[in-house]
Amino acid sequence: MWSLAASARGGDHRGMQILAGPNQITRSDRIAIARSAFTSGLLVIVGLLVGWLCLGTTLVTAFVPNGRPSVAEAATSVVAWAFAIVVPAAFLIIGFARIAAIIDTWSSMRPRTATARLVKSLGPEYMGATGVHVPGGRRLHELVLGPFGILVIAVVPPSKITRHVGSRWEIRDERGRWLPIEAPLDRASRDAERVRSWLASDDRDFLVRVYAAIVTEERGIERTSACAVVAPRELAGWIAALPAQRGLSAERRQGLAETIAEATHG
């Protein structure tokens, strides 16, 4: 059974504990990445092979006329050399560009957690969890349970592959196309509402307060009435400053911790 310390005891300097859920990268994601990597590698191999055939053998030189060439022979020679240079270079450029895009995509898919940096900053009365599965098939990125209630933290994709204007967000795929995505602030707000509904339907006689936030260094993202925007270095202090919820006793936090633990490993 999961045990959550009710409060920091005198001389007890244990930090916040974290429940880590399963990796959220699905099998279909891995297959898509592997397929793109295979295609990219094939493009590079074809580029190298065509380049070797054109420049490392007599294939192109066979089109170079001896002596004084005619107009047709000169034109054929120019086309042959252009093919030998342009085609292999095009295959290599496209292949390496796709490889770079795949690396960016894979990097963005790897889960980045904000709670890991809170272990030494918050006491044992707090608990973090990643990969929490709530009813409806939704898996939350991470959340924090503490005397204030629950904080839901949403993912913010890396700024190098995303762009946003106001509430509209887009992400660049491995082909360089910009595709619309759900705004992180809206995602966090909806996830917080899912957590409220989930816990309210769990036959509890107490409604826990649920907050929503995104953690990012990027400037220009404005908070909303339902979701806060916090810098990573300010997260621990911001959480510690949240007012304690009256009625959220140690026993109730323990019950919430057990429910979250079941949803994390379920």
S.K.: Looking at P88 and V50, what are the two nearest heavy atoms and their distance?
M.R.: CG-CG1, 3.7 Å
S.K.: Cationic tip of R163 within the cone over W178's six-membered ring, i.e. under 6.0 Å and within 45° of the normal?
M.R.: yes
S.K.: Which heavy atom of L122 sits nearest to which heavy atom of A240, and what is that distance?
M.R.: CD2-CB, 4.2 Å
S.K.: Hey, quick one: are F96 and V46 part of the same hydrophobic cluster, counting side-chain heavy atoms closer than 4.5 Å, chains of contacts allowed?
M.R.: no
S.K.: Quick check: closest heavy atoms across T224 and S189, and the distance to 0.1 Å?
M.R.: OG1-OG, 4.5 Å
S.K.: Is there a donor-acceptor contact under 3.5 Å from the side chain of R209 to the main chain of G149?
M.R.: no
S.K.: Taking E125 first and then R253, would you say they form a salt bridge - that is, a charged N and a carboxylate O separated by under 4.0 Å?
M.R.: no
S.K.: Apply salt bridge (charged side-chain N to carboxylate O under 4.0 Å, His left out) to residues E170 and R168 and explain how you reach the verdict.
M.R.: CA-CA 7 Å; E170 295 179 325; R168 178 179 175 82; 3.0 Å; yes
S.K.: Using every non-hydrogen atom in the two residues, find where V152 and A192 come nearest and quote the distance to one decimal.
M.R.: CG2-CA, 4.0 Å
S.K.: Check whether Q245 reaches the backbone of L207 with its side chain - one donor and one acceptor, N or O, closer than 3.5 Å.
M.R.: yes
S.K.: Determine the minimum heavy-atom distance between A213 and C227, stating which atoms define it.
M.R.: CA-SG, 3.7 Å
S.K.: Could you state the interatomic distance from CG (L118) to CE (M127), rounded to the nearest 0.5 Å?
M.R.: 13.0 Å
S.K.: CZ/R196 to CG/D191 distance, rounded to the nearest 0.5 angstrom?
M.R.: 11.0 Å
S.K.: Nearest 0.5 Å, please: how far is CH2 in W198 from CG in L140?
M.R.: 7.5 Å
S.K.: Which atom pair, heavy atoms only, marks the closest approach of H141 to A154?
M.R.: CD2-C, 4.4 Å
S.K.: Before you tell me yes or no, could you show the steps for I150 and I260 under side chain to side chain contact (heavy atoms under 4.5 Å, CB included), namely the whole-Å CA-CA distance, both residues' side-chain angles and the distance that decides it to 0.1 Å?
M.R.: CA-CA 11 Å; I150 293 176; I260 293 171; 4.3 Å; yes
S.K.: Are L235 and L242 connected in a single hydrophobic cluster, I mean Ile/Leu/Val/Met/Phe/Trp/Tyr linked by side-chain heavy atoms less than 4.5 Å apart?
M.R.: yes
S.K.: Does a sphere of radius 6.0 Å around CD in E222 hold more than 12 heavy atoms from other residues, nucleotides or ligands, not counting ones at 6.0 Å or beyond?
M.R.: no
S.K.: Hey, mind stepping through I153 and L143 against side chain to side chain contact (heavy atoms under 4.5 Å, CB included) and telling me if it holds?
M.R.: CA-CA 6 Å; I153 304 176; L143 58 78; over 6 Å; no
S.K.: Just by modelled atom types, is the R138 backbone N or O under 3.5 Å from a matching donor or acceptor in the R194 side chain?
M.R.: no
S.K.: Please determine whether residues M16 and W238 belong to a single hydrophobic cluster, defined as Ile, Leu, Val, Met, Phe, Trp and Tyr linked transitively by side-chain heavy-atom distances below 4.5 Å.
M.R.: yes
